[in-house]
Asker: 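Structure below; questions to follow.
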Amino acid sequence: MGRIRIVLATRNEDKVRELRAILADLPVEIVSATEFRDLPPVEENGATLEENALLKARAVHRFLGLPALADDTGLEVDALGGRPGVYSSRFAGEQATYEDNVRKLLEELKDVPDGRTARFRCVAAFVDGETELLAEGVCEGQILHEPRGTGGFGYDPVFYVPEKGKTFAEMTLEEKNRISHRSRAFQRMKELLEQYLRRDKR
Ligand code: IMP
């Protein structure tokens, strides 16, 4: 199988760490977008996770001329009709911190009783100028009333996974990576990339 360089289209170091671990055994060289200082920021103005993931991967591919992988994640809360969804990073405003977003989520849910079902949905996109691949991963859980745990990032302290009896923030990176939306999307993407690289060699 040919060894190609793929740029991960993200500057989020938390994510780079997770994705490097997930993709470690793929026969490709993974480079982080943080290594390219002059990459212009991409406006994530798509209406869906698919559109945003493709926007990011296409922009990086266009700018660097290298195959690019991007992802977009949304937290879908049933009691909020699927919000914040594609707006998860901006839930409490354009400059919102992770804490601001969690606070807003708990505030909006304050009158909703236990068992507040939700899911993280992640879409991964690969773009190399000829081929575009999309893969989705989902992780089901519930939103707690108060944060628990110190690991992870984003909504992790309030995202509880009943089968594990823990929030994402109470799991080690390895535990989270075994079941997370992002790892599921990228496991699937890994299969698609393996097929794609094999086809390329024929
Ligand atoms: P992004 O599309 O991966 O940047 O994710 C959008 C937003 O969803 C982030 O700003 C986080 O608030 C949240 N998010 C994404 N992935 C996770 C995760 O694994 N745990 C907790 N929050 C996440």
Asker: Using 30° and 60° as the class boundaries, would you call the ring planes of Phe159 and Phe168 parallel, tilted or perpendicular?
Answerer: tilted
Asker: Is the shortest side-chain N to carboxylate O distance from Arg83 to Glu76 below 4.0 Å?
Answerer: no
Asker: Between the side chains of Asp128 and Tyr196, does any donor sit under 3.5 Å from an acceptor?
Answerer: yes
Asker: As an exercise, state the distance from CZ of Arg103 to OG1 of Thr97, rounded to the nearest 0.5 Å.
Answerer: 6.5 Å
Asker: Look up atom OH in Tyr155 and atom CG in Asn101, then write down how far apart they are to the nearest 0.5 Å.
Answerer: 3.5 Å
Asker: Please work out whether the ring planes of Phe120 and His181 are parallel, tilted or perpendicular, with thresholds of 30° and 60°.
Answerer: parallel
Asker: With rounding to the nearest 0.5 Å, note down the distance linking CG in Asp72 to CG in Leu49.
Answerer: 5.0 Å
Asker: Are the charged groups of Lys104 and Glu107 less than 4.0 angstrom apart, N to O?
Answerer: no
Asker: Would you call Glu136 and Arg121 a salt bridge, taking side-chain N to carboxylate O under 4.0 Å as the test?
Answerer: yes
Asker: Can you name the closest pair of heavy atoms from Ala125 and Ala57 and give their distance?
Answerer: O-CB, 3.9 Å
Asker: Work out which heavy atom in Phe91 is nearest to a heavy atom in Pro84; give both atom names and the distance.
Answerer: CD1-CB, 3.5 Å
Asker: Quick check: closest heavy atoms across Ala135 and Leu192, and the distance to 0.1 Å?
Answerer: CB-CD1, 4.2 Å
Asker: Give a yes or no on whether a salt bridge exists between Arg58 and Glu132, defined as a side-chain N under 4.0 angstrom from a carboxylate O.
Answerer: yes
Asker: Does a salt bridge link Asp78 with Arg119, judged by any charged N lying under 4.0 Å from a carboxylate O?
Answerer: yes
Asker: Do the side chains of Glu170 and Lys164 get close enough for a salt bridge, i.e. N-O under 4.0 angstrom?
Answerer: no
